[in-house]
Amino acid sequence: MKIGFIGLGNMGAPMAANLSAAGHAVIGFDTAGVTVEGVVPAATIAEAVSTAEAIFTMLPNGAIVRAVHAEIVAAARPGALLVDCSTIDVESARAVHDLALDADLISLDAPVSGGTGGAAAGTLTFMVGGAEGAFEVAKPLFDIMGSKAVHCGAAGAGQAAKICNNMILGISMIAVCEGFHLADSLGLSRQAMFDVASTSSGACWSLNTYCPAPGVGPKTAADNGYRPGFATELMLKDLTLAADAARATGAHAALGEHARAIYAAFDAEGGRGRDFSALLEHLSKA
Ligand code: NAD
């Protein structure tokens with residue numbers, strides 16, 4: 001298949017490389033002029049997409065996705081598959097779906113979880129919104145870049161799933177960090193805290209799989225000096241999307257909003273560039 005790939009950053013570069021390694025002809029474009037092994041560099045978006053049967057975008061935010069997709073629909077062949085894998089707001093996701101449909105393109109929103117490690121290993125999870133038929137066309141390509149693809153519903157449903165999941169993650173990580181912090185304050189050892197909570201009703205992914213306390217539980221970013229992993233600023237971005245969506249829809253998300261405020265403060269006070277689980281260290285210092 002001829003594939004155009006726009007946005008060859010930390011996530012896009014390994015995803016495009018995996019498509020190329022699987023035998024697809026990938027043409028890539030990035031404003032930073034990034035080169036990726038196996039990916040033919042294009043000078044413009046139009047050059048990357050004009051002959052492509054499938055086009056992927058992996059970009060920083062909704063405004064950029066809207067601008068890039070406006071250029072894509074002007075240059076792409078009718079019938080081409082257009083998949084946005086960026087994490088963006090649901091409204092922008094729906095707007096670019098409409099843009100694509102007007103240009104006779106097949107469109108999906110397909111944000112991912114799994115981070116840069118998952119992108120490199122080809123083990124991402126894709127959360128997909130759009131028509132069932134479009135999902136079937138894209139599935140073999142998702143299977144190259146990931147190990148799971150879930151069709152979540154109509155346009156925007158993939159972004160909705162991503163935002164809701166990451167709001168749960170942000171809240172639960174704060175809860176686990178506060179649990180360890182309170183345990184420290186009470187003189188309870190972190191090992192005892194982990195051994196009890198991870199096999200009791202406090203068990204959750206943030207504790208059992210991504211434990212923020214170094215030296216206890218599985219090896220995580222905490223055991224690697226809190227090098228991300230999943231960076232604080234990305235968690236803040238996702239919690240801001242969730243808080244904005246809750247406000248726009250009138251949904252009750254008091255803890256989600258509080259989590260956003262906690263991560264905004266942490267981001268400003270040294271968390272930027274560090275793993276989001278370093279909040280535990282921050283609580284201990286405060
Ligand atoms: P990144 O900043 O490393 O990459 C984005 C790339 O887009 C950059 O190389 C940039 O030069 C390029 N770009 C910006 N504007 C452009 C334009 N107009 N045309 C072409 N290229 C342009 O970011 P990333 O970590 O790869 O993340 C990409 C998306 O994936 C984000 O939406 C992020 O929230 C999401 N995401 C990231 C992770 C992660 O762990 N990094 C995990 C899941 C989802």
Side-chain angles (χ1 to χ4, degrees), residues 4-18 26-36 39 41-49 52 55-76 82-90 92-93 96 109-128 142 145-149 158-159 161-167 169-170 173 210 220-221 224 226-242 244-245 263 267 272-277:
F5 208 113
I6 315 296
L8 301 168
N10 292 328
M11 296 292 289
M15 291 166 72
N18 283 337
V26 185
I27 310 179
F29 174 77
D30 191 297
T31 40
V34 188
T35 53
V36 179
V39 176
T44 61
I45 289 175
E47 187 186 326
V49 306
I55 301 155
F56 285 86
T57 54
M58 194 50 164
L59 296 160
N61 60 49
I64 293 176
V65 169
R66 284 181 191 240
V68 166
H69 278 232
E71 283 193 56
I72 290 173
V73 297
L82 175 52
V83 185
D84 178 42
C85 296
S86 327
T87 301
I88 63 169
D89 58 289
V90 174
S92 293
V96 298
D109 54 290
V112 301
S113 75
T116 50
T123 57
L124 293 170
T125 294
F126 288 85
M127 304 155 224
V128 189
F142 293 145
M145 297 182 282
S147 47
K148 192 172 180 187
Q159 296 296 351
K162 168 84 183 174
I163 289 169
C164 294
N165 177 73
N166 280 23
M167 185 178 80
L169 172 63
M173 181 54 80
Y210 209 89
T220 62
N224 193 22
Y226 293 108
R227 280 231 311 274
F230 187 49
T232 296
E233 59 270 28
L234 291 178
M235 175 47 82
L236 175 58
K237 172 192 167 179
D238 293 356
L239 286 169
T240 302
L241 289 173
D244 289 348
Y263 270 104
D267 182 62
R272 183 159 288 242
R274 306 192 75 206
D275 192 77
F276 80 121
S277 63

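First listed ligand is number 1; within each ligand, the first listed atom is number 1. What's counted below: heavy atoms across the whole structure, side chains too, no hydrogens, waters or symmetry copies.
When all heavy atoms are compared, the tightest approach of Ala119 to Leu124 is N-CD2, 3.5 Å. Residue Gly158 comes nearest to Asp109 through the heavy atom pair N-OD2, 2.9 Å, listed as atom of the first residue, atom of the second, then distance.
Every side chain to side chain contact (heavy atoms under 4.5 Å, CB included) that Thr116 has, sequence neighbours left out, goes to Asn10, Met11.
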List below, pair by pair, the N or O atoms of ligand 1 and of the protein that are less than 3.5 Å apart, including the distance to 0.1 Å; reply 'none' if no pair qualifies.
| residue | atom | partner | partner atom | Å |
| --- | --- | --- | --- | --- |
| ligand 1 | 3 (O) | Asn10 | N | 2.9 |
| ligand 1 | 3 (O) | Asn10 | ND2 | 3.3 |
| ligand 1 | 9 (O) | Asp30 | OD1 | 3.3 |
| ligand 1 | 9 (O) | Asp30 | OD2 | 2.6 |
| ligand 1 | 11 (O) | Asp30 | OD1 | 2.6 |
| ligand 1 | 13 (N) | Thr31 | OG1 | 3.4 |
| ligand 1 | 21 (N) | Thr31 | N | 3.4 |
| ligand 1 | 26 (O) | Asn10 | N | 3.3 |
| ligand 1 | 26 (O) | Met11 | N | 2.8 |
| ligand 1 | 32 (O) | Leu59 | O | 2.8 |
| ligand 1 | 32 (O) | Thr87 | N | 3.0 |
| ligand 1 | 32 (O) | Lys237 | NZ | 2.8 |
| ligand 1 | 34 (O) | Lys237 | NZ | 2.9 |

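At a cut-off of 3.5 Å, with distance as the only test, no side-chain donor of Asp267 or Thr232 sits close to an acceptor on the other residue.
No donor-acceptor pair under 3.5 Å is formed between the side chain of Asp275 and the backbone N or O of Tyr226.
Between Tyr210 and Phe276, the angle of the ring planes lies from 30° to 60°, which puts this pair in the tilted group.
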